[in-house]
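One structure below.
Whatever order the structure lists ligands and atoms in, that order sets their numbers, starting from 1. Counting begins at 1 with the first residue of the sequence.
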Amino acid sequence: MMQTDTTAPGVQTWETIGEDLARRENDRRDVMREMRFDTIAVHGIYDAQAALANQGSINEPLFLSPAQHFVESDQMECALAYRMPSWTYTRIANPTVHYLEETLALLETYGSEVRASACGTASGMAAVFMATEPFLSMDDSLPPPNIVASAKCYGGTFMLFSERYGRERGVEIRWVCDPLDPDEWASKVDPGTRFVYGEMPSNPALAVFDIPVIAELAHAAGVPLIVDPTVATPALLRPLAMGADVVVHSLSKSMAGSGLAIGGALIARHDIPSRIGADGLHADFATHVKLLPFRDHGPAMSPFNALMTLADVRTVRSRIDAWSRGAMTVASFLETHPRVETVRYPGLASFPGYGIARRDLWLADGDERGNPVNRYGPLLSFDVRGGDQAARAVFDRLELILRATDLGRIKSVATIPAISTHQQQGEAGRELGGVPSNQIRLSIGGEDPTDLIADLERALA
Ligand SMILES: *Cc1c(COP(=O)(O)O)cnc(C)c1O
């Protein structure tokens with residue numbers, strides 16, 4: 001997956017060349033692990049030497065070619081046996097996607113001793129699928145499979161679990177209705193459980209849960225905890241350092257905040273617990289997924305989208321800082337508005353999970369003086385007094401804030417989850433997930449909060 005020297009190998013075998021390449025890349029990771037968050041986000045592992053190997057390009061080159069040319073048959077054989085770093089074919093690996101994966105693995109383990117690998121995917125849902133499906137394979141020595149998941153999750157995830165895994169494949173889905181209650185999680189985990197899953201903060205309820213406590217509970221049962229921290233980004237929350245085993249991201253959101261790409265990623269620590277799967281699955285789950293199930297299912301990320309994402313990831317910390325401050329200002333405004341029934345924002349003292357949010361959501365490397373500061377992300381939701389028609393009327397009067405099923409954008413966007421992202425799970429599913437029909441979800445972007453508040457004030461009047 002790295003630049004290979006295309007001159008003849010001389011006396012060295014391709015395997016030895018491969019070992020050198022792998023060692024150099026590992027050295028590069030070690031160098032970057034010592035750097036600060038923004039430096040990692042800006043450079044990843046693409047250093048001056050990599051630039052010179054790419055005609056001096058200061059940015060990671062875009063490899064749109066589906067396939068790699070090999071010097072000779074020996075190299076081809078070695079590469080296709082996964083015995084040397086190479087990329088071979090974009091469905092499995094691609095140099096541009098690889099640079100993004102390495103950056104993500106570094107950011108998700110920032111400030112910790114955890115070692116992780118990443119696998120870029122075509123979308124966030126492809127990441128959720130690839131991070132969960134390998135744990136559901138048949139094993140007659142185990143009881144019938146179940147999964148334990150927070151019901152406060154993204155609509156697509158809810159449908160994947162309940163329809164694809166539950167209804168179509170007979171996996172029992174045990175929804176946790178109150179993710180703040182560790183006893184509810186504990187009561188649902190048993191010898192049939194294959195993994196435990198939660199979103200933090202969740203979309204759109206902003207629900208939080210105690211990652212270290214739930215990780216311990218999962219590990220005691222010998223199963224992995226999988227966390228979707230899309231709404232927080234690694235700039236605010238790095239679950240792997242808190243005990244989670246696998247992280248899934250929709251990179252389509254804040255990570256690619258300009259809104260020019262769709263993509264996802266799964267990032268997994270090395271040596272994860274699991275009741276099923278080959279040794280490779282435990283040792284390096286992300287690489288196992290990439291080389292085997294991902295290769296066969298085909299949800300590869302487009303290199304073009306990887307490049308668009310890389311360009312935005314460089315600024316993720318400063319953007320999330322600014323958007324979070326804007327969201328806090330807007331949430332505080334909405335909380336005092338008479339037409340607003342409830343505001344859900346992890347930064348409000350009135351928020352049910354405020355204690356955990358304040359404990360866990362910190363801006364990486366703190367403020368400009370390096371002082372630790374809480375930041376709570378760009379997403380909030382609020383319920384409009386007067387029911388769903390009143391909520392629609394407010395929503396339809398927005399002029400600056402755009403109406404879209406989208407979040408984590410440089411442009412502020414709003415949606416009504418009950419008629420969009422969470423429509424297909426139905427009334428009962430929304431009840432479980434805490435998605436009332438008069439709820440507006442708001443994602444705050446880079447505009448001046450004064451103008452956003454003026455827009456909301458006009459719409460609510
Ligand atoms: C949007 C979203 C997803 C799905 O991501 P796509 O890139 O749209 O497939 C998963 N989880 C969360 C929390 C999301 O907001």
Is there a heavy atom in Asn203 that sits closer than 4.0 Å to ligand 1?
-> yes
What residue and atom, counting heavy atoms only, is the protein's closest point to atom 9 (O) of ligand 1, and at what distance?
-> Met125 N, 2.9 Å
With only distance considered, is Ser252 within less than 3.5 Å of ligand 1 through an N or O on each side?
-> yes
Is Lys152 positioned over the aromatic face of Tyr197, cation under 6.0 angstrom from the ring centre and no more than 45 degrees off axis?
-> no
Taking atom 6 (P) of ligand 1 as the reference point, the nearest protein heavy atom with its distance = Gly124 N, 3.3 Å
Option nearest atom 11 (N) of ligand 1 (shortest heavy-atom distance, choices Leu251, Asp228, Thr230) = Asp228
Does a salt bridge link Arg397 with Asp455, judged by any charged N lying under 4.0 Å from a carboxylate O?
-> no
Heteroatom distance test (Ser250, ligand 1): nitrogen or oxygen, under 3.5 angstrom | yes
Arg91 side chain to Arg295 backbone, donor-acceptor under 3.5 Å | yes
Which residue and heavy atom of the protein sit nearest atom 1 (C) of ligand 1, plus the separation | Lys253 NZ, 1.4 Å
Output field: ring centroids Phe285/Phe135 closer than 6.0 Å = yes
Under 3.5 Å donor-acceptor, Ser274 side chain and Pro224 backbone | no
Atom 4 (C) of ligand 1: closest protein heavy atom, distance to 0.1 Å, is Tyr154 CE2, 3.4 Å
Look at atom CD of Glu163 and say whether more than 12 heavy atoms of other residues, nucleotides or ligands are closer to it than 6.0 Å.
-> yes
Per-atom filter on ligand 1: closer than 4.0 angstrom to a heavy atom of Glu199 are 13 (C)
Does Arg314 CZ have over 12 foreign heavy atoms under 6.0 Å away?
-> yes
